[in-house]
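Contents: one structure, followed by commentary.
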Amino acid sequence: MRAVLAAGLSLAVLAGCSGGSGSTPSDAPQDAPSASPSAAPSAGESPSASASAPVVSDPVEPDLDLAESTPREDSVYPGVGDPRVDALHYDLDLTWQPRAERLTGRAVITFRATRDAPRFQLDLGAPLTVGEVTLDGEPVRFARRGKDLVLRAPIEADERHELALDYVGTPEPAPAPTTRGDFSETGFTVTRSGEVWTMQEPYGAYTWYPVNDQPSDKALYDVTVHAPPGWTGIANGELTVLESDADGTTTSWQLAEPASSYLVTLAIGDYEHSSNTSDSGLRVDYWTPRDLGRPLDSIRTAAATVDWVEDRLGDYPFDSLGLVVTDSQSAMETQTMITLGTNDYVLSPQVVAHEIVHQWYGDQVSPSDWRDVWLNEGTTMLLQWVYEDEHGIRPLRQSLRSARSTDQQLRDQYGPPGAYDRRQFGGSNIYYPPALMWNELREDLGDDEFYAVARSWLADHDNTSATREQVYDHWEAETGRELSAFFDAWIMGERTPEPGVPQG
């Protein structure tokens with residue numbers, strides 16, 4: 001999530017996103033690191049990337065079975081999402097007119113009904129006007145209640161349906177439930193020049209397309225973007241179409257493995273492309289603003305960072321990886337296409353590392369409920385600290401000492417990591433305390449066993465959304481330890497636990 005900066009802390013906190021100095025954690029820690037964020041990459045990191053034409057891949061037939069989920073009503077933000085709907089595939093066709101700030105969209109959504117119901121709903125921003133709506137090819141009545149798009153048609157459990165609708169309007173971002181300084185809104189954001197970027201944790205995808213906007217419902221995506229001449233539309237996954245003429249540029253993107261809606265991205269603007277390749281053979285694409293006017297070697301450490309993470313967590317879990325730089329102040333681990341803002345901390349190698357780790361912890365396996373966002377941030381924050389230590393940015397002992405010294409303050413200010421104040425989403429309490437917890441286990445088990453269990457968790461829950469109870473059970477089964485009380489003390493405790501892992 002976006003990085004957050006807690007007042008008075010010198011430790012960088014990353015969640016899914018990252019923010020600059022003075023901000024509060026969200027996806028990546030927003031606390032500023034002690035070392036200069038613009039420090040040069042370590043020797044051997046090969047930050048350079050060459051300008052090149054992007055690779056266009058052939059699309060594949062979506063495997064809808066991969067996207068079957070068990071949607072739930074969120075315990076923290078129950079007003080978003082509908083557990084009656086299991087979205088399997090979103091096919092979006094979007095046209096952006098920057099002068100009019102007008103988005104014209106067509107969405108075809110394949111979904112599975114999870115239960116018998118006389119009606120169902122999706123989330124869609126109120127400023128967007130809905131035209132014709134069909135269900136399985138037949139017109140269907142609907143009602144608008146704020147962001148709720150209510151479809152007045154019966155559905156039967158386990159039946160698959162196709163919902164198609166046209167919509168148009170000027171999208172408006174949604175107020176974010178946070179006190180962080182690096183963002184106050186989520187979703188579709190328009191810059192002064194008419195360019196577009198999106199970040200939508202914990203919700204806000206609904207500001208630009210109809211969606212079941214809750215993380216337990218993962219789906220596949222095909223997104224086509226029609227952009228003005230000279231501009232490019234960027235989304236998640238593989239680029240499957242790139243066409244330009246006097247009327248504009250059309251791109252199509254395919255995400256062939258399921259993603260939660262908060263992990264979807266859209267950026268439209270004047271971008272140039274470059275790429276480099278990890279030692280393991282993964283091409284990394286960089287989409288950077290043509291007029292940014294600053295060197296971006298710091299983000300081109302991504303390819304080498306993939307190799308670094310693979311040594312600990314196993315093979316990169318997806319088929320593609322890209323980074324897109326936008327006019328924002330934080331970063332987000334949007335699946336296979338990481339979204340980065342433009343301040344020095346967000347563009348630093350350690351924040352890039354944080355968001356890459358999230359491709360495993362947060363994207364490959366996501367939380368099924370926003371009460372468990374700490375599942376994303378804790379492991380990722382620890383690995384950011386290890387990365388900083390091994391790359392000469394900040395000693396691990398200093399990161400641990402700083403985090404422990406502020407742990408109680410964070411619990412007092414935001415609540416325990418697993419029972420945080422719902423009005424303060426993305427506080428540093430979901431970053432530092434769980435990172436300290438995982439480090440206690442790492443030191444107790446040793447690196448070999450710790451990372452082996454971390455990898456087996458990912459393998460056993462590939463492409464799913466999971467709960468804390470599943471995490472606890474997995475670590476107990478794999479280590480032969482009774483760890484529930486240890487986990488509960490760190491995640492639900494109002495007081496900082498004593499150091500050490502109980503034996504038994």
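The only option from Trp457, Tyr316, Tyr451 that meets the ring pair (Phe, Tyr, Trp, His ring centres under 6.0 Å) definition with Trp360 turns out to be Tyr316.
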Worked verdict on Arg481 versus Glu449 for salt bridge (Lys or Arg N to Asp or Glu O under 4.0 Å): CA-CA 13 Å; Arg481 307 279 190 90; Glu449 184 176 1; 5.7 Å; no
Would Ser274 and Arg300 count as a side-chain contact (heavy atoms from CB on, under 4.5 Å) here? Give the steps. CA-CA 9 Å; Ser274 61; Arg300 295 180 176 119; 3.5 Å; yes
Passes side-chain contact (heavy atoms from CB on, under 4.5 Å), Leu441 versus Phe487? Steps please. CA-CA 10 Å; Leu441 264 183; Phe487 287 132; 4.0 Å; yes
Does Gln359 form a side-chain contact (heavy atoms from CB on, under 4.5 Å) with Leu313? I'd like the steps, not just the answer. CA-CA 11 Å; Gln359 302 302 302; Leu313 299 182; over 6 Å; no
Go through the steps to decide whether Asp158 and Arg115 satisfy the test side-chain contact (heavy atoms from CB on, under 4.5 Å), and finish with yes or no. CA-CA 7 Å; Asp158 292 321; Arg115 66 186 75 163; over 6 Å; no
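Under a 3.5 Å cut-off, the side chain of Thr207 and the backbone N or O of Phe188 do form a donor-acceptor pair. In terms of modelled atom types and a separation under 3.5 Å, the side chain of Asp217 and the main chain of Pro71 share no donor-acceptor contact. Using modelled atom types, no side-chain atom of Thr406 and backbone atom of Gln409 make a donor-acceptor pair closer than 3.5 Å. In this structure, the side chain of Thr186 engages the main chain of Tyr203 through a donor-acceptor pair within 3.5 Å. Checking side-chain atoms of Thr178 against main-chain N and O of Phe425 turns up a donor-acceptor pair under 3.5 Å. Of the possible donor and acceptor atoms, none in the side chain of Ser278 sits under 3.5 Å from a partner among the backbone N and O of Ala303. No donor-acceptor pair under 3.5 Å is formed between the side chain of Tyr206 and the backbone N or O of Gly81. Judged by distance alone, the side chain of Trp253 and the main-chain N or O of Gly233 form a donor-acceptor pair under 3.5 Å. Thr240 contributes no side-chain N or O that, together with a main-chain N or O of Asp58, makes up a donor-acceptor pair within less than 3.5 Å. A donor-acceptor pair is defined here as one N or O able to donate and one able to accept, closer than 3.5 Å; no such pair exists between the side chain of Asp462 and the backbone of Gln364.
For residues 430-441, the salt bridge (charged side-chain N to carboxylate O under 4.0 Å, His left out) pairs, not counting sequence neighbours, are Arg404-Glu440. Sorted by first and then second residue, the pairs that involve residues 408-420 and meet salt bridge (charged side-chain N to carboxylate O under 4.0 Å, His left out), not counting sequence neighbours, are Asp407-Arg411.
Using a 4.5 Å heavy-atom threshold, the side chains of Thr336 and Leu255 count as touching. Annotation: side chain of Trp374 is not in contact with side chain of Asn429 (no heavy-atom distance under 4.5 Å). Leu296 is listed as a side-chain neighbour of Leu347, based on a closest heavy-atom distance under 4.5 Å. Using a 4.5 Å cut-off on side-chain heavy atoms (C-beta onward), Trp475 and Phe450 make contact. Counting heavy atoms from C-beta on, the side chains of Thr288 and Ile299 come closer than 4.5 Å. Side chains of Val309 and Tyr361 form no contact here, defined as non-hydrogen atoms less than 4.5 Å apart. Looking only at side-chain heavy atoms (C-beta outward), Pro349 and His391 stay at 4.5 Å or farther from each other. Between Trp370 and Tyr420 the shortest side-chain heavy-atom distance falls below 4.5 Å.
Shown here is Asp448, whose CG atom has no more than 12 heavy atoms of other residues, nucleotides or ligands within 6.0 Å. Enclosure of atom CG in Asp65 by more than 12 non-hydrogen atoms of other residues, nucleotides or ligands within 6.0 angstrom is indicated.
Glu257 is linked by a side chain to side chain contact (heavy atoms under 4.5 Å, CB included) to Phe318, Asn463, counting only residues two or more places apart in sequence or in another chain. Applying the salt bridge (charged side-chain N to carboxylate O under 4.0 Å, His left out) rule to Arg422 yields no partners; only residues at least two apart in sequence or on another chain are considered. Remark: Asp372 engages Arg468 in a salt bridge (charged side-chain N to carboxylate O under 4.0 Å, His left out) (not counting sequence neighbours). By the side chain to side chain contact (heavy atoms under 4.5 Å, CB included) test, Pro62 is found to be paired with Leu64, His89, Leu220, Asp222, Gln254, residues two or more places apart in sequence or in another chain being considered. Annotation: salt bridge (charged side-chain N to carboxylate O under 4.0 Å, His left out) contacts of Arg423 (sequence neighbours excluded): Asp421. Not counting sequence neighbours, the partners of Glu68 by the side chain to side chain donor-acceptor pair (under 3.5 Å) test are Arg160. Not a single side chain to side chain donor-acceptor pair (under 3.5 Å) links Thr70 to another residue, sequence neighbours left out. With sequence neighbours excluded, the residues forming a side chain to side chain contact (heavy atoms under 4.5 Å, CB included) with Ser366 are Lys218, Ser260, Tyr262, Leu263, Ser465, listed by chain and number. The salt bridge (charged side-chain N to carboxylate O under 4.0 Å, His left out) check on Asp460 picks up nothing, with sequence neighbours excluded. By the side chain to side chain contact (heavy atoms under 4.5 Å, CB included) test, Ala256 is found to be paired with Val60, residues two or more places apart in sequence or in another chain being considered.
To the nearest 0.5 angstrom, Leu66 atom CG is 10.5 Å from Leu88 atom CG. To the nearest 0.5 Å, atoms NE2 (His273) and OG1 (Thr232) are separated by 10.5 Å. In this structure, OG1 on Thr305 lies 13.0 Å from NE2 on His354, to the nearest 0.5 angstrom. Rounded to the nearest 0.5 angstrom, Trp197 CH2 and Leu266 CG are separated by 12.0 Å. Here Asp213 contributes atom CG and Tyr77 contributes atom OH; the two are 12.5 Å apart, rounded to the nearest 0.5 Å.
Arg72 and Thr467 are not linked by any side-chain donor-acceptor pair at a separation below 3.5 angstrom, with hydrogens and angles left out of the test. Checked by atom type, the side-chain pair Asp74/Gln214 shows a donor-acceptor distance below 3.5 Å. Side-chain atoms of Ser261 and Gln200 include no donor-acceptor pair closer than 3.5 Å. With hydrogens and angles left out, the side-chain atoms of Arg283 and Ser275 include no donor and acceptor closer than 3.5 Å. Side-chain contact annotation: Thr114 with Asp86, donor-acceptor N/O pair under 3.5 Å absent. A donor-acceptor contact under 3.5 angstrom links the side chains of Thr339 and Thr334, judged on distance only.
Closest of all the heavy-atom pairs between Ala267 and Val324 is CB-CG2, 4.0 Å.
Arg442 forms no cation-pi arrangement with Trp438, by the criterion of a distance under 6.0 Å to the ring centre and an angle within 45° of the ring axis.
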